[in-house]
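Have a look at the structure below before the remarks.
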Amino acid sequence: MNSRPLKIGIACFPLIGGSGILATALGSELARRGHEVYFFSYAQPVRLDLPQDNLHFHRVDVAQNPLFPSPDYTLPLAVKMAEVARAQQLDVFHVHYAVPHALAACLASQMLGPSAPRIVTTLHGTDTTLLGQDPDYRMAIEHALVHSDAVTAVSESLRNQTQEIFRLKRPIKVIPNFFTPNKPKRSREEVRRDLGLTDEFLVLHMSSLRSVKRIDLLLKTIAKVKSRERVRLFILAGGPFDPYEPLLDQLGIRDVVIVRQNTAVVDEYLQAADAGLYTSEYESFGLSILETMFYGKPVVAFGVGGIPEVIGDSCPLYPFGDTAAAAAALDGLIESPAQVRELGERSRLRTIEKFSADRILPQYEALYRRVISRKLHRAGLEPATQ
Ligand code: GMT
C-alpha cells in the first residue's frame with residue numbers, strides 16, 4: 001500500500017458551527033500526520049491556528065461585481081480550488097457540506113479534466129435534512145453526491161436520512177466526528193471565579209443558537225430545576241442571544257443564566273463545567289455533546305437524530321421536549337456528585353474508545369487512498385486496492 005503523504009484541499013465554512021470546526025480539526029490532524037493540507041474558505045476558520053507546518057489557507061473573495069445582482073461565492077471558490085489543485089497537484093478535495101463546497105469541487109474538477117483531484121464529500125446534517133428537501137437546491141445536491149468519488153456522513157442516522165431523501169444508488173460511508181482537546185489556558189478555579197461562581201453547579205450549553213437548537217426548551221428546562229439557587233446555566237453562544245432575552249424574565253431565570261458570545265476556544269469552559277445540557281430537536285451528530293463528554297462531564301439531552309450514537313449508554317437520554325425529565329435529571333446530578341463522576345467517566349471513556357483522532361483519522365486516510373487508487377487504476381497506472 002502506497003503511504004506517501006497526501007495533498008488534500010479542504011473546503012469548509014469558517015464560522016463557529018460543527019462542520020467548520022470538524023473540518024478544521026481534521027485538517028490540523030492530517031497536517032500533524034505529515035500530509036499537506038490546503039484550506040479554502042472566505043475567512044480563516046475560527047479554530048485554525050496559523051502558521052503551522054503543512055497547513056495552508058487560501059482565502060476566497062466573494063465576488064461583488066456590479067454586473068451581478070447579488071454576490072457570488074461558488075464560482076470564485078471553484079476557480080481558487082482549481083488553481084491551487086493545478087499548482088500543487090492536489091490528490092483530494094475533501095469538502096464539508098454539499099452546498100456550495102461539493103458543487104464547487106465538481107466544477108473545479110471539470111475545469112481541470114482528468115488530472116483533477118478526487119472528491120470526498122462529507123455531509124454534516126442540514127445540507128441533507130433541510131437543503132435536500134428544498135426544491136431550489138435538491139437537484140444540485142444530488143448532482144454533487146453522484147459526482148463525488150466518495151460520500152461520508154457523520155452518523156448512521158444522517159446516512160439513513162440522506163438515503164431516504166435522495167434514494168442514491170451509491171453507498172454512503174459513516175465516519176463519525178472526533179475531538180482533540182486543547183490544553184486549557186486557565187485553571188477550572190480561575191474560570192469559575194471569572195464567571196462569578198463559588199460552588200454552584202455549572203451546566204454548559206454550546207451552540208449556534210439556531211432555531212433547531214431549541215433554546216426555548218433549554219431555558220424551560222433550567223426553569224424547572226428544583227435546586228435553582230444552586231445551578232447556573234452557562235451558554236457559549238455562536239449566534240445572537242437577543243431573541244431569548246424576554247424569555248429569561250418570563251421564566252424568572254435571569255440570575256441563573258450567563259451568556260458569552262462567539263468564543264472559539266472552549267476547553268477552559270468545558271473544564272469549568274459540571275454537566276452539559278442540549279435540547280435540540282435535531283442533530284445529525286452533536287459535536288458540542290462530544291466535546292462535553294471528552295471532558296468527563298455527563299450530558300443531559302433528548303434522544304434525537306444521531307445523539308444516541310454519540311452518547312451510547314454513557315448517560316440516559318430523554319424523549320424530545322420532555323423538559324421535566326431533563327430538569328429532574330439535572331436535579332439528580334446536583335444532588336449526587338458520585339453520579340456526576342460516574343456518568344462523566346463513562347462518557348469520557350466512550351469518547352476515547354470511539355471518537356478520538358486516533359480512531360477516526362485512519363478511516364479518512366484509508367478512504368482518500370482508496371479513491372486515489374481507483375483514479376490511478378482508471379488511468380492504467382496502478383492496480384486498484386479494492
Ligand atoms: O448545527 C449547527 O449549529 C451547525 C451545523 C454545521 O453544519 O456546521 O452542525 C451540523 O454538523 C455538525 C458536525 O458534523 C454536527 O455535530 C451537528 O449535529 C450538525 N447540526 C445539525 O444537524 C442540526
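Sequence positions, counted from 1, serve as the residue numbers for this chain. Note that ligands are numbered from 1 as they come in the structure, with each ligand's atoms numbered from 1 the same way.
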- Item | Cluster link Val99 to Leu168, ILVMFWY, side chain under 4.5 Å | yes
- Query: Are Tyr364 and Phe178 close enough that their ring centres sit under 6.0 Å apart?
  - Reply: no
- Quick one: does Ser207 get within less than 4.0 Å of ligand 1, heavy atoms only? no
- Query: Nearest to atom 9 (O) of ligand 1, what protein heavy atom do you find, and at what distance?
  - Reply: Gly18 N, 4.0 Å
- Query: In terms of atom number and element, which parts of ligand 1 are under 4.0 angstrom from non-hydrogen atoms of Val154?
  - Reply: 14 (O)
- Message: Only heavy atoms of Gly286, strictly under 4.0 Å: list the atoms of ligand 1 that pass.
- Response: 15 (C), 16 (O), 17 (C), 18 (O)
- Polar-atom distance check: Tyr282 versus ligand 1, any N or O pair below 3.5 Å? no
- Query: Is the Phe13 to His101 ring centre distance short of 6.0 Å?
  - Reply: yes
- Backbone or side chain, does any N or O of Phe285 fall under 3.5 Å from an N or O of ligand 1? yes
- Part of Leu22 within contact of ligand 1 (heavy atoms, under 4.0 Å): neither
- Query: Between Tyr368 and His94, how do the two ring planes meet: parallel, tilted or perpendicular, split at 30° and 60°?
  - Reply: perpendicular
- Who passes side chain to side chain contact (heavy atoms under 4.5 Å, CB included) against Ile165, sequence neighbours left out? Thr128, Gln133, Arg138
- Query: Is any side-chain N of the basic residue among Asp358 and Arg33 closer than 4.0 Å to the acidic one's carboxylate O?
  - Reply: yes
- Within a radius of less than 6.0 Å around NZ of Lys354, do more than 12 heavy atoms belonging to other residues, nucleotides or ligands occur? no
- Considering residues, nucleotides and ligands other than Asp313, do more than 12 of their heavy atoms fall under 6.0 Å from its CG? no
- Looking only at protein heavy atoms, what sits closest to atom 17 (C) of ligand 1 is Glu283 OE1, 3.1 Å
- Assign the ring pair Phe302 / Phe320 to parallel, tilted or perpendicular, where the plane angle (0 to 90°) is split at 30° and 60°. perpendicular
- Query: Purely on distance, is any nitrogen or oxygen of Gly20 under 3.5 Å from one on ligand 1?
  - Reply: no
- Would you check the N or O atoms of Val212, main chain and side chain alike, for any that come under 3.5 Å of an N or O of ligand 1? no
- Task: Return yes when Asn177 approaches ligand 1 closer than 4.0 angstrom through a heavy atom, no otherwise.
- Result: yes
- For atom 7 (O) of ligand 1, the closest protein heavy atom turns out to be Tyr97 CE1, 3.1 Å
- Salt-bridge contact Lys224-Asp322 (side-chain N to carboxylate O under 4.0 Å): no
- Contacting atoms of ligand 1, where contact means under 4.0 angstrom from a heavy atom of Gly17: 8 (O)
- Message: Tell me the protein heavy atom at minimum distance from atom 22 (O) of ligand 1, and give that distance in Å.
- Response: Ser284 N, 2.9 Å
- side chain to side chain donor-acceptor pair (under 3.5 Å) with Tyr97: which of Thr122, Thr126, Thr121? Thr126
- Query: If hydrogens are left out, which of Lys213, His124, Glu281, Met206 has an atom nearest to atom 19 (C) of ligand 1, that is, the closest non-hydrogen atom?
  - Reply: His124
- Query: What is the closest protein heavy atom to atom 3 (O) of ligand 1, and at what distance does it sit?
  - Reply: Ser208 OG, 2.9 Å
- Message: Polar contacts were defined as any N/O atom of the residue lying under 3.5 Å from an N/O atom of the ligand; does this apply to Gly125 and ligand 1?
- Response: no
- Query: Which of the numbered atoms in ligand 1 are below 4.0 angstrom from a heavy atom of Leu287?
  - Reply: 16 (O)
- Taking distance alone, with no angle check, do Arg210 and ligand 1 share an N/O pair under 3.5 Å? yes
- Arg346 atom CZ: more than 12 heavy-atom contacts under 6.0 Å: yes
